[in-house]
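Working notes, beginning with the structure itself.
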Number of protein chains: 2
Amino acid sequence: MSEQTFLVLTALADQPMHGYGIVSAAEELSGGRVRLRVGTLYGALDRLTADGLVEPDRDEVHQGRLRRYYRITDAGLSELVAEGSRREATARVALDRVRARRPRPDPGGSTA
Amino acid sequence: MSEQTFLVLTALADQPMHGYGIVSAAEELSGGRVRLRVGTLYGALDRLTADGLVEPDRDEVHQGRLRRYYRITDAGLSELVAEGSRREATARVALDRVRARRPRPDPGGSTA
DNA sequence: ACAGCACGTATCGGTCTGCGATATATATCG
DNA sequence: CGATATATATCGCAGACCGATACGTGCTGT
């Protein structure tokens, strides 16, 4: 699962949201780092829906504009926890491995 | 950066390794979850090299078989730490968001 | 002796995914 | 009345992963 897809699922973990709201939430959740493109969003939403991790919630009209809400499913919640745990573990292993590096012997050169 | 590429970089963080060794290390680092395919490995290695995150180290002959070693660069190390931190943060945000969910009201049905 | 398997490097094509561009429509602001 | 923000949706390109494939050597079992 890509980070983009992961963020979509994360956004929906709190409450049902509509497309544009998901884009905003993903940006906020990633600390402004990830700006979801609509092309990416709808592709991800389609795939998540096909996999049963997300489902359409309701349509609302807000200030004359249609808002289509999506909702995370129980399966989606489980998958989010599983994927989140995997990601946390992998990140930790990587950071630990870097920290465990002994200062490398200076290959020499200008410093000598 | 995909998890596969991330694992390649993580594997090399400890010491220079050759292709097959990276595959084994990635499998171990991911707790047996990710089995890197050679097609993936060489693609990733090419990209990482092009980006200056990894570089060829040396060629060795071990029991008549060629071993081509790769080494992580300083830039690769920095990138690994940055990516690892991002991943840790994103994972934490996701898991926190799930935990913050209040038990949803039972939508009703057979239980009623 | 020889077959089969593990090790080891490398390439190719298919497929999935992300993204930029584009299209459509309405409300608001200047 | 035009520009901008909100909002949904599709299309085609490019990048990345992976399965298949190819090639070669050493070790092991029969």
Side-chain angles (χ1 to χ4, degrees), chain A residues 1-12 16-30 33-51 53-71 79 83 86-87 90, chain B residues 1-12 16-30 33-51 53-71 79 83 86-87 90:
Chain A
M1 184 186 298
S2 72
E3 180 172 24
Q4 281 80 3
T5 304
F6 184 66
L7 283 171
V8 170
L9 218 46
T10 302
L12 292 175
M17 303 186 73
H18 66 284
Y20 237 68
I22 296 175
V23 171
S24 312
E27 187 168 353
E28 201 185 322
L29 287 170
S30 67
R33 214 169 23 81
V34 178
R35 184 159 297 173
L36 223 54
R37 314 303 165 124
V38 292
T40 306
L41 173 71
Y42 288 109
L45 239 26
D46 285 350
R47 270 174 272 125
L48 287 170
T49 302
D51 291 348
L53 306 184
V54 153
E55 56 191 14
D57 188 66
R58 65 187 188 278
D59 283 2
E60 264 184 18
V61 175
H62 181 76
Q63 292 185 325
R65 296 185 200 91
L66 175 69
R67 283 183 170 178
R68 179 152 293 162
Y69 284 77
Y70 294 86
R71 181 191 339 142
E79 184 55 35
E83 177 74 16
R86 281 195 291 267
R87 281 175 172 263
T90 313
Chain B
M1 186 185 299
S2 72
E3 180 173 24
Q4 281 81 4
T5 304
F6 184 66
L7 284 171
V8 170
L9 218 47
T10 302
L12 292 176
M17 302 186 72
H18 67 285
Y20 238 69
I22 297 174
V23 171
S24 310
E27 187 169 353
E28 200 185 322
L29 287 170
S30 68
R33 213 169 24 82
V34 177
R35 182 159 298 173
L36 220 57
R37 315 304 166 124
V38 291
T40 306
L41 173 71
Y42 288 109
L45 238 25
D46 286 349
R47 270 175 272 124
L48 288 170
T49 303
D51 292 347
L53 305 184
V54 153
E55 56 192 14
D57 188 65
R58 65 185 188 279
D59 283 3
E60 264 184 18
V61 176
H62 180 76
Q63 291 184 325
R65 295 186 200 92
L66 175 70
R67 281 183 170 177
R68 179 152 291 163
Y69 284 77
Y70 294 87
R71 179 191 342 139
E79 184 54 36
E83 177 73 18
R86 281 195 291 267
R87 281 175 172 262
T90 313

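Protein chains get the first letters and strands the later ones, always in sequence-line order, with residue 1 at the start of each.
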Task: Sub-4.5 Å side-chain heavy-atom contact between E79(B) and M1(B) - done: yes
Open item on the list: Quick check for you: to the nearest 0.5 Å, what is the distance between R35(B) atom CZ and T40(B) atom OG1?
Closed with: 13.0 Å
- [ ] Identify which one of L29(A), T5(A), I22(A) satisfies the side chain to side chain contact (heavy atoms under 4.5 Å, CB included) criterion when paired with T10(A).
- [x] L29(A)
Open item on the list: Nearest whole Å is fine: how far is dG8(C) P from L45(B) CG?
Closed with: 15 Å
Task: Gap between atoms CZ and C1', on R37(B) and dG13(C) respectively (whole Å) - done: 17 Å
Open item on the list: By the 4.0 Å heavy-atom rule, please label F6(A) as base, sugar-phosphate, or nothing.
Closed with: nothing
Task: Any Y42(B) side-chain N or O less than 4.0 Å from OP1/OP2 of dT9(C) - done: yes
TODO: Indicate yes or no: at least one non-hydrogen side-chain atom of H18(B) is less than 4.5 angstrom from one of R65(B).
DONE: no
Task: Separation of dC16(C) P from Q4(A) CD (nearest whole Å) - done: 18 Å
Task: Contact nearer the 5' end of DNA chain C, comparing G43(B) with M1(A) - done: G43(B)
Task: Whole-Å distance separating the NE2 atom of H62(A) from the C1' atom of dA5(D) - done: 12 Å
Open item on the list: Categorize G64(B) for me: base, sugar-phosphate, or nothing, with a 4.0 angstrom heavy-atom threshold over every strand shown.
Closed with: sugar-phosphate
Open item on the list: Around atom CD of E55(B), are there more than 12 heavy atoms from other residues, nucleotides or ligands closer than 6.0 Å?
Closed with: yes
- [ ] Please state whether the phosphate of dT9(C), meaning OP1 or OP2, lies under 4.0 angstrom from any side-chain nitrogen or oxygen of Y20(B).
- [x] no
Open item on the list: In this structure, how many angstroms lie between the P atom of dA7(D) and the CZ atom of R58(A), rounded?
Closed with: 13 Å
- [ ] Describe the nucleic acid contact of G39(A) in one word from base, sugar-phosphate, nothing, applying a heavy-atom distance below 4.0 Å.
- [x] base
TODO: Please state whether the phosphate of dT26(C), meaning OP1 or OP2, lies under 4.0 angstrom from any side-chain nitrogen or oxygen of R65(A).
DONE: no
Task: Whole angstrom value for the distance that separates P of dT6(D) from CD1 of I22(A) - done: 16 Å
- [ ] Report the distance from atom CG of D46(A) to atom P of dC11(D), rounded to the nearest whole Å.
- [x] 12 Å
TODO: Check whether any side-chain N or O of Q63(A) sits under 4.0 Å from OP1 or OP2 of dA5(D), and answer yes or no.
DONE: no
- [ ] Ignoring the backbone of R68(B), work out which of dC19(C), dG19(D), dA10(C) is nearest its side chain.
- [x] dA10(C)
Open item on the list: Can you measure H18(B) atom NE2 to dT25(D) atom C1' for me and round it to whole angstrom units?
Closed with: 14 Å
Open item on the list: Can you work out whether G19(B) or E3(A) has the more 5'-proximal nearest nucleotide on DNA chain C?
Closed with: G19(B)
Open item on the list: For a quick test of reading the model: is some side-chain N or O of R47(B) closer than 4.0 Å to OP1 or OP2 of dG15(D)?
Closed with: no
